[in-house]
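Residue numbers start at 1 and run along the sequence shown.
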Amino acid sequence: MRTMKLGSSSLEVPVVAVGCMRINSLEKKESEHFIQSALEEGANFFDHADIYGGGVCEEIFADAIHMNADIRENIILQSKCGIRKGMFDFSKEYILESVDGILKRLRTEYLDVLLLHRPDALVEPEEVAEAFDILETSGKVRHFGVSNQNPMQIKLLKKFVKQPLVANQLQLSITNATMISNGINVNMENESAINRDGSVLDYCRLNDITIQPWSPFQYGFFEGVFLGSEKFPELNQQIDEIAATYGVSSTTIAIAWLLRHPAHMQPVIGTMNIDRLKDCCKASDIQLTREEWYRIYRAAGNILP
């Protein structure tokens, strides 16, 4: 697996992250086999959140990998906090409480990365800064980031938070690419020109924040997977043709499309299927041409101005 630096940190990570939101759908032996297969592929970056399975997913992961000190030093663990039932919560007390719960469930003394999961309208950035300082000083968290935040929200945090924010996890796929499209359609009077996210893609590139695309195979908001969907015949035709050229699957090409972007993104894959996991990892070795990248982009219904 090809590796990259995570944001402005010195942390060397694989270019594909393994999302563990659905690990509770596997039986014990299946989860063990899945985790072992990921490690064999060099995919040792595992993404969690305290809400996945109500915390159960983190416990299942720790059991599946047979967590101990030696294993811990050879994997990279990221988790997220801030989503509660019916609300979001970035209070100092909740962040600290959440991290303690995460560490207990993962059976580890530290997280490599902690992300704030979804923007809290009532955030007090001074409180976040205090929580981050405590977590860093205690050794419980080594790096920090955000998820689903726009540039102004990140700037507000950075006014008080002294630690670099190394990642921003955002929904992005071939069919959910508005953050790319608004940069292509500058000064145009069309739907694609609408800037819905404050130029977050450019902001993250300028500030050395790694974008981690989530749901890289989904269209809409969890409406379904675009690969093989009758709703996207032209897109699937183009992806299949390019996949045949490289001798790989359409799954590989969908991830390779994200990796081809010069922002050096780290897609978070959520599959629990080992074959698809391996196909995603193969994207590390594929470098789409500029023409191929744009062929796929246009086939998804995106029009160049």
Side-chain angles (χ1 to χ4, degrees), residues 1-4 13-22 34 37-38 40-47 169-184 192 201 204-205 210-304:
M1 172 77 72
R2 182 161 52 86
T3 61
M4 56 180 274
V13 301
V15 296
V16 173
V18 180
C20 296
M21 184 174 73
R22 299 183 180 89
F34 177 81
S37 297
E40 290 171 359
E41 294 294 321
N44 67 338
F45 187 108
F46 298 97
D47 174 73
Q169 201 166 109
L170 298 160
Q171 184 176 18
L172 177 63
S173 71
I174 296 169
T175 53
N176 286 49
T178 57
M179 72 175 70
I180 294 174
S181 294
N182 65 51
I184 292 176
S192 296
L201 173 57
C204 288
R205 293 182 72 181
T210 294
I211 290 177
Q212 296 178 328
W214 57 265
S215 289
F217 301 106
Q218 290 278 333
Y219 64 89
F221 189 69
F222 293 107
E223 292 180 37
V225 177
F226 59 79
L227 290 178
S229 171
E230 60 183 16
K231 292 185 177 182
F232 301 95
E234 184 181 353
L235 174 60
N236 279 284
Q237 178 183 344
Q238 291 296 329
I239 290 177
D240 289 346
E241 289 179 2
I242 294 171
T245 299
Y246 287 92
V248 297
S249 73
S250 59
T251 295
T252 301
I253 296 302
I255 296 298
W257 187 85
L258 291 169
L259 294 180
R260 175 62 177 84
H261 195 280
H264 304 295
M265 303 178 191
Q266 184 194 32
V268 180
I269 59 171
T271 183
M272 291 291 112
N273 179 288
I274 291 175
D275 288 337
R276 284 199 289 273
L277 166 72
K278 292 180 178 180
D279 284 344
C280 290
C281 293
K282 288 177 183 176
S284 169
D285 301 321
I286 301 294
Q287 175 80 357
L288 296 179
T289 67
R290 187 180 299 266
E291 179 186 5
E292 289 166 340
W293 189 93
Y294 273 103
R295 277 173 58 192
I296 292 171
Y297 176 76
R298 296 197 316 273
N302 299 299
I303 300 173
L304 299 183

Determine all donor-acceptor pairs shorter than 3.5 Å in which one atom belongs to a side chain in residues 224-233; sequence neighbours excluded.
{"unit_1": "Ser229", "atom_1": "OG", "unit_2": "Lys231", "atom_2": "N", "d": "3.1"}
{"unit_1": "Lys231", "atom_1": "NZ", "unit_2": "Tyr219", "atom_2": "OH", "d": "3.4"}

Identify each donor-acceptor pair in which a side-chain atom of residues 253-262 lies under 3.5 Å from a protein atom, sequence neighbours left out, and give them as a table.
{"unit_1": "Trp257", "atom_1": "NE1", "unit_2": "Trp293", "atom_2": "O", "d": "3.0"}
{"unit_1": "Arg260", "atom_1": "NE", "unit_2": "Leu288", "atom_2": "O", "d": "2.6"}
{"unit_1": "His261", "atom_1": "ND1", "unit_2": "Ala263", "atom_2": "N", "d": "3.0"}

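Of the inter-residue distances, the one linking Arg22 atom CZ with Asn273 atom CG reads 12.0 Å to the nearest 0.5 angstrom. Between Leu201 atom CG and Thr178 atom OG1 the span is 10.0 Å, to the nearest 0.5 Å. To the nearest 0.5 Å, the span separating CD1 on Ile211 from CD on Gln171 amounts to 13.0 Å. Atoms CD and CD, on Gln238 and Glu292 in that order, are 10.0 Å from each other to the nearest 0.5 Å. Interatomic distance, Arg295 CZ to Glu234 CD, rounded to the nearest 0.5 Å: 10.5 Å. A distance of 6.0 Å separates CD1 of Ile184 from CG of Leu304, quoted to the nearest 0.5 Å.
Looking only at side-chain heavy atoms (C-beta outward), Phe45 and Gln212 come within less than 4.5 Å of each other. Using a 4.5 Å cut-off on side-chain heavy atoms (C-beta onward), Thr252 and Ser249 make contact.
Between Pro14 and Gln266, the closest heavy-atom pair is O-NE2, 2.9 Å. In this structure, Ser250 and Ala243 approach most closely via the heavy-atom pair N-CB, 4.0 Å. Listed here is the closest heavy atom pair of Ser173 and Pro216: CB-O, 3.3 Å. Closest approach of Thr210 and Met4 over heavy atoms only: CG2-CE, 3.7 Å. When all heavy atoms are compared, the tightest approach of Glu41 to Lys278 is OE2-CG, 3.6 Å. Between Tyr297 and Ile180, the shortest heavy-atom distance links the atoms CE1-CG2, 4.4 Å.
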Handout entry: Worked check of side-chain contact (heavy atoms from CB on, under 4.5 Å) between Met1 and Val15
Key = CA-CA 7 Å; Met1 172 77 72; Val15 296; 3.8 Å; yes

Handout entry: Criterion side-chain contact (heavy atoms from CB on, under 4.5 Å) on Thr271 and Thr251, from CA distance to verdict
Key = CA-CA 11 Å; Thr271 183; Thr251 295; over 6 Å; no

Handout entry: Pair Ser215-Phe221, side-chain contact (heavy atoms from CB on, under 4.5 Å): steps then yes or no
Key = CA-CA 9 Å; Ser215 289; Phe221 189 69; over 6 Å; no

Practice task
Assess whether side-chain contact (heavy atoms from CB on, under 4.5 Å) is satisfied between Ile296 and Leu235, documenting all intermediate values.
Solution key: CA-CA 6 Å; Ile296 292 171; Leu235 174 60; 3.9 Å; yes

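Contact check on Lys282 versus Asp279 returns a salt bridge, with a Lys/Arg side-chain nitrogen under 4.0 Å from an Asp/Glu carboxylate oxygen.
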